[in-house]
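Presented below is the structure to which this report refers.
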Amino acid sequence: MRNGLSNRTRFALGAAGWAAAATAATAVGIAAVGAIGAGIVDDAPAVLDQQAITSRLTSQPANQPAPSAAPGVPGTSAESAPGEVSEPVDTGPPPQRKVIGTPGGSLSVECVGDQARLVSWTPDQGFHVDADDVERGPAREVSLEFESEDVDIEVDVVCEGGVPAAYFEED
């Protein structure tokens, strides 16, 4: 018994000191997260399921050039003189967009007549897409390849009746 403290007392004081330090560190950590922002935890975006994603993608209007009509004056164009009415321009059928799921990921394709255009793609976890394996179009056929360590999924899309139709093959 040196210094007047027994081994038990030293052990009890050490354990109490450790517990106090751990409690203080936890309190500081909680206070820091609270100070950084409640937005870290409270305002997290909602996780969407496949049906919600498809619904949002298909309900968005296709990217089309802005009309040249004068604001607030129906039937006029930017080239029309005041009081003149221009003929409506036939822009053809609107693009048909479709989200297509495959074993390697999903892709969004739109068709205008028989011309397909690859709008976007999202590989599933464990897959990736190399830029040199993408044919975006517009063309009669667009394609890409989802690649993983174990399997490659080659996806070809054509427009059948103006609607995207996908064919894929696992390699």
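As the structure is a computational prediction, the values presented were derived from the model and not from experiment.
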Here the pair of heavy atoms bringing I153 nearest to P103 is CD1-CB, 4.2 Å

When rounded to the nearest 0.5 Å, the distance separating OG1 of T102 from OH of Y167 is 15.5 Å

Evaluate the side chain to side chain contact (heavy atoms under 4.5 Å, CB included) criterion for residues D133 and L144: first the C-alpha distance (whole Å), next the side-chain angles of each, then the deciding distance (0.1 Å), finally the verdict. CA-CA 5 Å; D133 292 332; L144 65 79; 5.8 Å; no

- prompt: Can you tell if the side chain of D171 reaches within under 4.5 Å of the side chain of E145, non-hydrogen atoms only?
  reply: yes

Side chain to side chain contact (heavy atoms under 4.5 Å, CB included) with V142: of V109, L107, V158, only one passes, and it is V109

**Study point:** Path from F127 to V99 over hydrophobic side-chain contacts below 4.5 Å
**Key:** no

Could you tell me whether E135 atom CD has more than 12 heavy atoms of other residues or ligands within 6.0 Å of it?
-> no

Tightest non-hydrogen contact, residues G113 and C159, listed as O-CB, 3.4 Å

Output for pair (R140 CZ, C111 SG), nearest 0.5 Å, gives 11.5 Å

(message) Do V129 and F168 land in one hydrophobic cluster if side-chain heavy atoms of ILVMFWY residues count as linked below 4.5 Å?
(response) yes

request  = Check whether any side-chain heavy atom of Q96 lies under 4.5 Å from a side-chain heavy atom of E110, and answer yes or no.
outcome  = no

message = Do V151 and F146 land in one hydrophobic cluster if side-chain heavy atoms of ILVMFWY residues count as linked below 4.5 Å?
response = yes

dist W121:CH2 -> S106:OG (nearest 0.5 Å) comes out at 12.0 Å

Subject >> Test item: E154 and S143 side chains (from C-beta on) under 4.5 Å apart, heavy atoms >> reply: no

For S148 and G126 the tightest heavy-atom approach is CB-O, 3.2 Å

Residues S6 and T9: closest non-hydrogen pair is OG-OG1, 3.0 Å

Q) Same cluster for V134 and V155 if Ile/Leu/Val/Met/Phe/Trp/Tyr side chains link at under 4.5 Å? A) yes

